[in-house]
> 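Before I ask anything, let me first share the structure, which is written out below as structure tokens.
What you see below is based on every heavy atom in this structure, not just the backbone, and it leaves out hydrogens, waters and symmetry mates.
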Amino acid sequence: MDVPLAAGWSCVVCGAHVDIAQPLSWRCPNATGLDRHHALQLVQSIAPLRGTDDPNPFVAFRPYLAWDSFAAANGMTAAARTAMVRQVDADIADIGGIGFQVTPFERADALSDALHFDVDGGVWIKDETGQVAGSHKARHLMTILLHLLTAEALGISPWVEAADRPPLAIASCGNAAFAAATLAAAARWPLHVFVPSNADPAVLALLVELNAEIIQCPRRATDPPGDPCIHRFREAVGAGAIPFTVQGPENAWCLDGGRSVGWEMAREFEQHVDGPPLDRVFIQVGAGTFAASTMAGISMSGATPRLHAVQTDSCAPLSRAFDRARHLGGATTMAAHWSECMWPWEHVGQSAADGILDDETYDWIPVVRSMIEGNGTPVVVAESRVLEANALARATTDINASHTGTAGLAGLLAARAAVGAGERIAVIFSGVNRSTR
């Protein structure tokens with residue numbers, strides 16, 4: 001019997017429930033323009049994590065995806081669901097040159113030696129630079145796109161024909177924007193990208209090549225605190241655009257596909273690595289969705305490594321939220337203290353790891369919860385560590401990752417004295433260094 005594993009969504013703040021069969025269920029139904037402090041989390045049955053050997057993670061782990069449960073609950077057969085993934089993936093490959101793939105996760109011997117780990121310990125690198133659009137971001141967006149296409153195919157979307165589709169919207173000028181533009185072009189879906197005034201012209205040119213519409217977002221004197229691109233994005237969504245984004249509170253479905261990174265890591269260690277499980281995971285954090293999804297995926301295997309969420313001292317709202325959450329009662333009560341824990345960083349500086357300079361960690365609740373419950377900690381790194389990590393990655397691996405992509409390693413460098421030589425550490429290199437391509 002085809003029983004969906006995901007029952008729906010519940011809000012960690014107000015407790016509202018959204019059934020898995022409901023289409024276009026982006027946000028908590030109680031979230032408003034004046035009260036955005038709501039966040040949906042999946043309500044999903046516990047099942048043994050057993051993917052297939054299919055090279056496409058959205059096929060290999062299809063039954064665990066909330067998107068799959070949504071489609072099943074609305075009457076789409078298992079064969080049709082698999083066929084949809086393969087067709088969408090083929091369309092993406094036609095645009096970007098590659099489709100989705102299970103990416104490498106291997107011990108980096110030279111890096112482990114350079115950091116003086118024992119032979120039984122060391123650093124394992126998950127290399128997402130060869131993923132669609134060069135980073136993990138497309139994984140988050142894929143489940144949003146599959147949800148949209150499923151609703152359209154089953155006749156349960158508000159629009160009847162493809163010509164009537166509302167535009168997709170995203171606030172980004174980096175990897176997320178490039179991933180969104182690649183997927184939108186593959187689906188022939190209009191995309192509006194909200195970018196800052198100082199966005200990289202080279203990135204904008206890539207977006208234009210993919211037929212994305214660029215909207216410049218200078219800061220207005222009347223804007224509240226926070227990113228003006230997010231303000232304009234939210235205005236567009238309020239006017240009818242679809243949030244095609246990698247921030248869970250804006251579209252919870254992005255949390256679904258992101259878990260595939262953790263599933264792949266957990267399966268690799270369980271099936272192919274002898275000895276103890278992972279001890280720690282260092283993950284670069286901007287919006288927080290990446291860390292939240294990855295750890296949710298890993299935890300479904302029963303593994304419990306410590307999470308260290310890494311930000312730069314140019315912008316570190318998550319570390320502040322972690323400290324305040326512990327002071328205000330810890331993981332069980334922090335959602336009720338959102339305003340007291342998370343607010344925009346007052347003076348965002350500059351960093352070579354500019355992809356993690358989000359002035360708010362939008363998905364802070366699951367990340368802080370994972371650290372508190374798993375005895376992890378945030379790590380705030382100096383810019384010198386960001387530069388050192390990227391140089392070390394280049395010297396010891398053949399992975400062409402950006403400074404943002406290697407920022408998790410910067411966290412390990414900063415915390416190395418507290419990490420045992422026999423511990424097993426995971427970092428994720430995500431984000432191609434396009435300046436050398």
> Using atom types as modelled and distance alone, determine if a side-chain donor or acceptor of Asp358 lies under 3.5 Å from a backbone N or O of Glu360.
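No.
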
> Under 3.5 Å, is there a donor-acceptor pair between the Asp91 and Gln87 side chains?
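Yes, side-chain donor-acceptor contact under 3.5 Å.
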
> Step by step, work out the side chain to side chain contact (heavy atoms under 4.5 Å, CB included) result for Leu168 and Leu148.
CA-CA 10 Å; Leu168 307 174; Leu148 288 168; 3.7 Å; yes

> Identify the heavy atoms of Ile372 and Ala325 that sit nearest to each other, and give their distance.
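For Ile372 and Ala325, the tightest heavy-atom pair comes out as CD1-CB, 4.5 Å.
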
> Any sub-3.5 Å donor-acceptor pair from Ser301's side-chain atoms to Ile298's backbone N or O?
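Pair found, side chain donor or acceptor close to backbone of Ile298.
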
> Are any side-chain N or O atoms of Asn251 and backbone N or O atoms of Pro243, one a donor and one an acceptor, separated by less than 3.5 Å?
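Yes: the side chain of Asn251 pairs with the backbone of Pro243.
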
> Using a cut-off of 6.0 Å, state whether more than 12 heavy atoms not belonging to Arg416 lie near its atom CZ.
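Yes, CZ of Arg416 has more than 12 neighbouring heavy atoms, counting only those of other groups under 6.0 Å.
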
> Give the C-alpha distance, both sets of side-chain angles, the deciding distance and a yes or no for side chain to side chain contact (heavy atoms under 4.5 Å, CB included) between Arg86 and Met84.
CA-CA 5 Å; Arg86 295 211 186 278; Met84 174 170 280; over 6 Å; no

> Between Arg139 and Glu128, does any NZ, NE, NH1 or NH2 come within less than 4.0 Å of an OD or OE carboxylate oxygen?
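Answer for the salt bridge query: yes.
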
> State which residues pass salt bridge (Lys or Arg N to Asp or Glu O under 4.0 Å) with Asp256; sequence neighbours excluded, sorted by chain then number.
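By the salt bridge (Lys or Arg N to Asp or Glu O under 4.0 Å) rule, Asp256 matches Arg259.
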
> Residues in side chain to side chain contact (heavy atoms under 4.5 Å, CB included) with Thr304, at least two apart?
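Side chain to side chain contact (heavy atoms under 4.5 Å, CB included) check on Thr304 returns nothing, list empty.
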
> Without hydrogens or angle criteria, can the side chains of Glu383 and Ser351 be said to hold a donor-acceptor pair below 3.5 Å?
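A pair is found: one side chain offers a donor N or O, the other an acceptor, under 3.5 Å apart.
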
> Check whether Lys126 reaches the backbone of Thr103 with its side chain - one donor and one acceptor, N or O, closer than 3.5 Å.
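Yes; at least one donor-acceptor contact below 3.5 Å.
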
> Among all residues two or more places apart in sequence or in another chain, which pass the side chain to side chain contact (heavy atoms under 4.5 Å, CB included) test with Val380?
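Partners of Val380 by the side chain to side chain contact (heavy atoms under 4.5 Å, CB included) criterion, ordered by chain and then number, come out as Asp313, Ala316, Ser319.
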
> Salt bridge or not for Arg267 and Glu264, using N-O below 4.0 Å?
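No, no charged N to carboxylate O under 4.0 Å.
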
> Is there side-chain contact between Gln247 and Cys254, with at least one heavy-atom pair below 4.5 Å?
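No, their side chains stay 4.5 Å or more apart.
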
> Can Asn390 and Thr406 be counted as having a side-chain donor-acceptor contact under 3.5 angstrom?
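Yes, Thr406 and Asn390 have a side-chain donor paired with an acceptor closer than 3.5 Å.
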
> Go through the structure and list residues passing ring-ring contact (aromatic ring centres under 6.0 Å, His included) with Phe290, not counting sequence neighbours.
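For Phe290, the residues satisfying ring-ring contact (aromatic ring centres under 6.0 Å, His included) (neighbours in sequence not counted) are His136.
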
> Going by ring-ring contact (aromatic ring centres under 6.0 Å, His included), name the residues that satisfy it together with Phe58, two or more places apart in sequence or in a different chain.
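Phe58: ring-ring contact (aromatic ring centres under 6.0 Å, His included) contacts with Phe100.
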
> Would you check if the side chain of Asp359 reaches a backbone N or O of Asp227 as a donor-acceptor pair within less than 3.5 Å?
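Yes, the answer is positive, given that a donor and an acceptor are paired below the 3.5 Å cut-off.
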
> Do the side chain of Arg81 and the main chain of Met76 share a donor and acceptor less than 3.5 angstrom apart?
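The answer is yes, because a donor-acceptor pair under 3.5 Å joins these two groups.
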
> Report yes or no: does Thr143 contribute a side-chain atom to a donor-acceptor pair with the main-chain N or O of Gly257 at less than 3.5 Å?
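Indeed, once roles are kept as given, a pair shorter than 3.5 Å links the two residues.
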
> For Ser430 and Gln284, does a side-chain donor sit closer than 3.5 Å to a side-chain acceptor?
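Their side chains do not contain a donor-acceptor pair, so the 3.5 Å distance test is not met.
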
> Measure across Val386 and Ala352 and return the closest heavy-atom pair with its distance rounded to 0.1 Å.
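Taking every non-hydrogen atom into account, CG1-CB, 4.3 Å.
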
> Say you draw a straight line from CH2 of Trp124 to OG of Ser112; how long is it, rounded to the nearest 0.5 Å?
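Trp124 atom CH2 to Ser112 atom OG measures 6.5 Å (nearest 0.5 Å).
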
> Please answer whether the main-chain N or O of Thr361 pairs with a side-chain N or O of Gln311 as donor and acceptor at a distance below 3.5 Å.
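No.
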
> Are Asp127 and Thr129 linked by a side-chain donor-acceptor pair shorter than 3.5 Å?
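Distance-only check passes for Asp127 and Thr129.
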
> Checking the side chain of Thr397 only, and the main-chain atoms of Arg394 only, is there a donor and an acceptor separated by less than 3.5 Å?
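Looks like no, no N/O pair under 3.5 Å.
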
> What residues form a ring-ring contact (aromatic ring centres under 6.0 Å, His included) with His38, not counting sequence neighbours?
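Scan of His38 (ring-ring contact (aromatic ring centres under 6.0 Å, His included), adjacent residues dropped) gives none.
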
> Residues two or more places apart in sequence or in another chain: which of them pass salt bridge (Lys or Arg N to Asp or Glu O under 4.0 Å) with Arg165?
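Arg165 satisfies salt bridge (Lys or Arg N to Asp or Glu O under 4.0 Å) with Glu152 once adjacent residues are dropped.
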
> Are any of the side-chain heavy atoms of Val419 and Arg280 separated by less than 4.5 Å?
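Heavy-atom side-chain distance check passes, below 4.5 Å.
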
> According to ring-ring contact (aromatic ring centres under 6.0 Å, His included), does anything in residues 174-210 pair up with another residue at least two apart or in another chain? List the pairs.
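Residue pairs passing ring-ring contact (aromatic ring centres under 6.0 Å, His included), neighbours aside: Trp159-Trp189.
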
> Going by the side-chain contact (heavy atoms from CB on, under 4.5 Å) test, name the single residue among Val123, Leu111, Val381 that passes it with Leu412.
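Checked Val123, Leu111, Val381 against Leu412; only one passes side-chain contact (heavy atoms from CB on, under 4.5 Å): Val123.
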
> Strictly by modelled atom types, are His140 and Thr289 linked by a side-chain donor-acceptor pair under 3.5 Å?
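His140 vs Thr289: no donor-acceptor pair found between side chains.
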
> Show the nearest heavy-atom pair for residues Ala21 and Phe70, with the distance to one decimal.
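Of all heavy-atom pairs spanning Ala21 and Phe70, the closest is O-CE1, 3.4 Å.
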
> Partners of Arg36 by salt bridge (Lys or Arg N to Asp or Glu O under 4.0 Å), sequence neighbours excluded?
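Scan of Arg36 (salt bridge (Lys or Arg N to Asp or Glu O under 4.0 Å), adjacent residues dropped) gives Glu250.
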
> Is it true that a side-chain atom of Asp54 and a backbone atom of Val59 form a donor plus acceptor pair closer than 3.5 Å?
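No, the answer is negative, given that no donor and acceptor are paired below the 3.5 Å cut-off.
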
> Please find out if less than 6.0 Å separates the ring center of Trp364 from that of Phe322.
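No; Phe322 has its ring centre 6.0 Å or more from that of Trp364.
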
> With ring centroids as reference points, do Trp26 and His147 lie under 6.0 angstrom apart?
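Yes, ring centres under 6.0 Å apart.
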
> Once rounded to the nearest 0.5 Å, what's the spacing between atom CE of Met334 and atom SG of Cys341?
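Taking CE in Met334 and SG in Cys341, the distance rounds to 8.0 Å.
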
> For His17, does the NE2 atom have more than 12 heavy-atom neighbours from other residues, nucleotides or ligands under 6.0 Å away?
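Atom NE2 in His17 is crowded, with more than 12 foreign heavy atoms closer than 6.0 Å.
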
> Tell me every residue that passes ring-ring contact (aromatic ring centres under 6.0 Å, His included) with Trp9, counting only those two or more places apart in sequence or in another chain.
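With neighbours one apart ignored, the set is Trp253.
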
> Distance from Leu141 atom CG to Thr182 atom OG1, nearest 0.5 Å?
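Going from the CG atom of Leu141 to the OG1 atom of Thr182 covers 9.5 Å.
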
> Could you give the distance from CG (Asp94) to CD1 (Ile98), rounded to the nearest 0.5 Å?
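If we round to the nearest 0.5 Å, Asp94:CG and Ile98:CD1 are 13.0 Å apart.
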
> Once you round to the nearest 0.5 Å, how far does CG of Leu42 lie from CE of Met300?
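Answer rounded to 0.5 Å: 9.0 Å.
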
> Do Asn30 and Asp35 have side chains that get closer than 4.5 Å, going by heavy atoms?
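When only atoms from C-beta onward are counted, Asp35 and Asn30 do not touch, as no gap falls below 4.5 Å.
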
> Side chain to side chain contact (heavy atoms under 4.5 Å, CB included) with Pro55: which residues, sequence neighbours excluded?
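Here no residue qualifies.
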
> Could you tell me which residues satisfy salt bridge (Lys or Arg N to Asp or Glu O under 4.0 Å) with Glu388, sequence neighbours excluded, listed by chain and number?
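Residues passing salt bridge (Lys or Arg N to Asp or Glu O under 4.0 Å) with Glu388: Arg385.
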
> Carefully, step by step, assess Asp363 and Leu255 under the rule side chain to side chain contact (heavy atoms under 4.5 Å, CB included).
CA-CA 10 Å; Asp363 283 292; Leu255 297 166; 3.9 Å; yes

> Going by an N to O cut-off under 4.0 Å, is there a salt bridge joining Glu346 and Arg320?
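Answer for the salt bridge query: yes.
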
> Say you draw a straight line from CG of Asp68 to CG of Leu5; how long is it, rounded to the nearest 0.5 Å?
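The CG atom of Asp68 sits 8.0 Å away from the CG atom of Leu5.
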
> Would you say Glu235 has more than 12 foreign heavy atoms packed within less than 6.0 Å of its CD?
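Yes.
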
> For the pair Leu49 and Trp263, evaluate side chain to side chain contact (heavy atoms under 4.5 Å, CB included) and give the outcome as yes or no after the intermediate values.
CA-CA 8 Å; Leu49 184 61; Trp263 292 336; 3.7 Å; yes

